[in-house]
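Everything below concerns the one structure shown next.
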Amino acid sequence: MDKSFEPGQIESKWYAQWEKRGAFKPTGQGEPYCILLPPPNVTGTLHMGHAFQQTVMDMLIRYQRMRGMNTLWQVGTDHAGIATQKIVENQLAAEGRSRHDLGREPFVERVWQWKEESGSTITNQMRRLGVAADWSRERFTMDEGLSAAVRKVFVQWYRDGLIYRGNRLVNWDPALGTAVSDLEVNNVERDGHMWSIRYMTADGAGSVVVATTRPETMLGDVAVAVHPEDERYAHLIGSMLHLPLSGRQIPVIADDYVDRDFGTGCVKITPAHDFNDYAIGQRHKLAPINIFTLDAKVNDNAPEKYRGLDRYDARKVVLADLEAAGLLVESKPHKLQVPVSQRSDAVIEPMLTDQWFVDLTSDVLADGRPGGRTAITEPALEAVRSGDIRFVPENWTTTYTQWLDNIQDWCISRQLWWGHRIPAWYDEAGNIFVGEDEADARRHAPTPPVGELRQDEDVLDTWFSSALWPFSTLGWPMQGPVKNERGEIVANWEQDKLFLPSAVLVTGFDIIFFWVARMVMATLYFTKQVPFREVYINAIVRDAEGQKMSKSKGNTLDPLDLIDGIELEPLVEKSTRSLLIPQVREKVEKRIRKDYPQGIPSIGTDALRFTFAALASYSRTINFDIKRAEGYKAFCNKLWNAARFVLMNLPEAPIDAPTGAPVTEAERWILTRLKQTLTEVEEHFATYRFDLLAQALYEFVWNEYCDWFLELSKPALGGDDARAATSTRHTLLVVLETVLRALHPVIPFITEEIWQAVAPRLGIGASSIMERPWPKVAELPVDEAASAEIEWFKAVLSGIRRIRSEMNIAPGKTIPLLLADGDPADRSRTAKFAAQIAFLARTEAPQWIEPGAGEPASAAAVVGSLRVLIPLAGLIDLTAEKARLAKEIARIEGEIKKCEGKLGNANFVANAPSEVVAQERQRIVDWGTQLEALREQARKLG
């Protein structure tokens, strides 16, 4: 092994070898265990959320593979309709052209070209992260096999009466010219105004006042609503009002939706441009009036004066005209939530348009067949209620069920050119014909088409194809092998359906509605199985201060910059490159220079992965601190150096396993602790508590193996007992090789590199750590008696070292050691470990102070009832020792208060496991014993 750990040199080497050997493919042996990669944007790049999520999945896949499972990590990318089309449209705009200049087919060809150029960026970045995904089965949501699945599902749902075309209100992005899903809309708080407008009664005798933040939409008002029990307006219900500026009359209606205590208690109703108003309009059978074109200009349904104006220009003219007419009652500043498109930053306009929908709300269709709620929504609810699908953490179950209980029909059409084109055709009379192709549509036509057929211009929502991911990636609905464009087999439904349901879906809470629920719906409907057994909802990564990562704040981190490191100036340039506003750019640059004055040091993939594991609790968010990542790089260095120490103290030839039990108590202790650690790790894998898993491994490797066992092994390795030396060498290797396997799912690169040097010393013939099984915990020995002896020895040694450190006694100076009080077990242990104590603590042989004998002024450490004394004379400042004792007494008093606080909490005592409560009670006893001994020592020092 090299003298120092250099992650960059080993990572690319091992990943290339693993992939070349096909190490990530299913073995065909053992129970199936599958994870579906949430498909990232094909033209995207790896961000911190991806890196965190993929580390979690990779840990699970590597762990289950070592446990003998037949693992498949199904990988692929998403065509990301809107995002990808927008990238290419921006490229064309830079050339002074639009997609309409090219035409549909040449534009789609241009997008495919861009996909080929940029599509491998994120998958290559994923390889840098070490993901053990089966790249030979990589899928793309618009490859031929997945496209066939999309057509099949659309046609089947349509023929089952569950897909329909209708004129409905949707989120409309006027910049992109398409409907968008709720997921693609951010509600942003902005400064606005609330305007109060007077509407006169038809007879001119009275009026009502309504308040609105969008006065231009009044041109499309169809009613004013009041609460049915509001006495102020009861006499007006059913009467007519003059709609200002329009010449139309509208009714006053009563509806429970109105909050009579908010504002004036009167609400203008514009069903064509507000989702709540649309629902009211439907209840009262009010015909909506759309007053905007698809690019958010006023259309011909409004008075002529306003036609052709942009919606915000129209607002200014409308307000001026209302004021001139004496109908503008009040204008005041108002904070409001504005729906903004994630893709274009345009303000979303609720718009009535013809769209395709999946029925998710009707119980029974007009022809008596099951409606969408019965056939799709309820089964998806029951899958979770019955426990067939389990959410982790469990509280996300409520989020899922509440959304499905209140679900609306799903708008699946998008007015784009890039995506799966809707398999529907229209004849010259406007009749609809649906089929997997035009010939199929004609074959299933109830009546012959009138004239030529033209295909629907729209494409399907990206989430529609993503909903099929659990089974379309496995080859459904094709018969036999499915090949990619290179002729390689990527799936075979008859063979691969054994991976359905997959074991666990790892995903973020923000797509529970848009992806998780829809995968459950589609998979249940078409395969009669749930798509996955468990859904682990991972946290969202934020910066060290808990702020959301955003380019405009300058607090985003590129995972590859953490892995490889980046100097300050390139980091500043990279972070400010896309920021167009000078003030924002200056602010971001200032922050970058403050936070990273030396740039970002390289920490390597393993340290980054360990950091993610250590942060992966059940929290909704995690705060990523680069200092913590640097700490885990130190952990990797510690492991590397420990391995080098072991190998340097062992012969090159393989070591035969000695017969019988390990000779020394230190060996039996470390094996016991290894068994306990691995038991914890397996429990934490099962419950997705990767933070606790990382903590258990960290503490074992750093504290127990590196800091203690390597030290405890030195007397045996350098002693005269050849049998103890041989046994210790073997145990050093066995524990190291075992813990490398336990660490491998978390830090795969360094464990492979070290293992390659360790395995030959044990005569292990496997070519990679990935071929080794997970350690068999049941086969590891337990020796509680030896553990108790070593824990005592550690406590004595720690006490001596603490005194040396706090009193600044030179590490190489041999010091006297006195022992007082204690019990017979302390005396026998002292006799047993006397040589090791003297060797490792650099003390003279321990001497007992007999009861009643005088003792010198000393610094003391307490182990149970035993006092470990270092005489002060010539070594220690009496005043400093008094201060040290006072500090230690205060610390132990604090520990006792913590225990008393827990035991004083009735909920803790009632709900915590009995062994945990008993442990807290025992801790109070133990701390009390130490406290009394320390107080006694302080009294002796005056």
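- Residues P449 and F433 form a side-chain contact, since some pair of their non-hydrogen atoms from C-beta on lies under 4.5 Å apart.
- Two residues are said to be in side-chain contact when any heavy atoms from C-beta on lie closer than 4.5 Å; T212 and M218 fail this criterion.
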- Message: I'd like to know whether Q583 forms a side chain to side chain contact (heavy atoms under 4.5 Å, CB included) with K587, so could you lay out the CA-CA distance, the side-chain angles of the two residues, the decisive distance to 0.1 Å, and finally the verdict.
- Response: CA-CA 6 Å; Q583 298 93 315; K587 183 179 177 183; over 6 Å; no

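- Side-chain atoms of R307 come within 3.5 Å of backbone N or O of D300 as a donor-acceptor pair.
- Side chains of Q85 and F107 form a contact here, defined as non-hydrogen atoms less than 4.5 Å apart.
- Looking at R214 and T270, their side chains never come closer than 4.5 Å, going by heavy atoms from C-beta outward.
- Not one N or O on the side chain of T84 forms a donor-acceptor pair closer than 3.5 Å with the backbone of G81.
- In this structure, D458 does not pair ionically with R414, as no charged nitrogen and carboxylate oxygen lie closer than 4.0 Å.
- Side-chain atoms of Q355 do not come within 3.5 Å of backbone N or O of I412 as any donor-acceptor pair.
- Both the sub-6.0 Å distance and the 45° axial angle are not jointly satisfied by R311 relative to the ring of F292.
- Counting heavy atoms from C-beta outward, N299 and N290 have side chains that approach closer than 4.5 Å.
- Classification of the W157-F464 ring pair by plane angle, with boundaries at 30° and 60°, yields perpendicular.
- The residue from V318, V329, V210, L319 that alone fulfils the side-chain contact (heavy atoms from CB on, under 4.5 Å) condition with W195 is L319.
- A donor-acceptor pair under 3.5 Å is absent between the side-chain atoms of E436 and the main chain of V155, judged by distance alone.
- Formation of a donor-acceptor pair under 3.5 Å by the R99 side chain with backbone atoms of L92 is not found in this model.
- Nearest approach of L162 to A375, heavy atoms of both residues: CD1-CB, 4.2 Å.
- Contact detail for L169 and P271: the closest heavy-atom pair is CD2-O, 3.6 Å.
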- Task: Take T217 and K268 through the test side-chain hydrogen bond (donor to acceptor under 3.5 Å, both in side chains) and record every step on the way to the result.
- Result: CA-CA 9 Å; T217 63; K268 61 188 286 298; 2.9 Å; yes

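- The only member of F391, F509, W403, F513 that meets ring-ring contact (aromatic ring centres under 6.0 Å, His included) when paired with W396 is F509.
- Across all their heavy atoms, D359 and I376 have their closest contact at O-CD1, 4.0 Å.
- Ring geometry for W356 against Y158 counts as perpendicular: the plane angle is over 60°, on a 0 to 90° scale with 30° as the lower cut.
- Judged by distance alone, the side chain of T178 and the main-chain N or O of Q415 form a donor-acceptor pair under 3.5 Å.
- Contact check for Q156 versus F526: side-chain heavy atoms found under the 4.5 Å cut-off.
- Not a single donor-acceptor pair under 3.5 Å links the side chain of T361 to the backbone N or O of Q408.
- In this structure, R110 pairs ionically with E95, as a charged nitrogen and a carboxylate oxygen lie closer than 4.0 Å.
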- Begin with the C-alpha distance, continue with both residues' side-chain angles, and end with the deciding distance and a verdict on side chain to side chain contact (heavy atoms under 4.5 Å, CB included) for R260 and E229. CA-CA 9 Å; R260 52 184 162 177; E229 297 174 4; 3.5 Å; yes

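- Between E457 and R104 the shortest side-chain heavy-atom distance falls below 4.5 Å.
- A donor-acceptor pair under 3.5 Å is absent between the side-chain atoms of N186 and the main chain of V188, judged by distance alone.
- Among all heavy-atom pairs drawn from P303 and L245, the shortest one is CG-O, 3.4 Å.
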- Query: Between V209 and I197, does a side chain to side chain contact (heavy atoms under 4.5 Å, CB included) hold up when you go through it step by step?
  - Reply: CA-CA 5 Å; V209 175; I197 305 168; over 6 Å; no

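- For the residue pair N41/D78, the side-chain donor-acceptor check at 3.5 Å is not satisfied.
- Nearest heavy-atom pair across L404 and T377 is O-CG2, 3.7 Å.
- Here the side chains of V459 and W417 are not in contact, with every heavy-atom distance at 4.5 Å or above.
- Nearest heavy atom pair, residue A467 against residue W410, reads CB-CH2, 4.4 Å.
- In this structure V317 satisfies the side-chain contact (heavy atoms from CB on, under 4.5 Å) test together with K305, Y306, L309, D321, sequence neighbours excluded.
- Among residues two or more places apart in sequence or in another chain, the salt bridge (Lys or Arg N to Asp or Glu O under 4.0 Å) test is passed with D456 by R165.
- In this structure, W418 and H79 have perpendicular ring planes: the angle between them is above 60°, well past the 30° mark.
- One finds a salt bridge joining D255 and R283 here, because a Lys/Arg side-chain nitrogen approaches an Asp/Glu carboxylate oxygen to under 4.0 Å.
- Ring pair W172/H273: centre-to-centre distance not below 6.0 Å.
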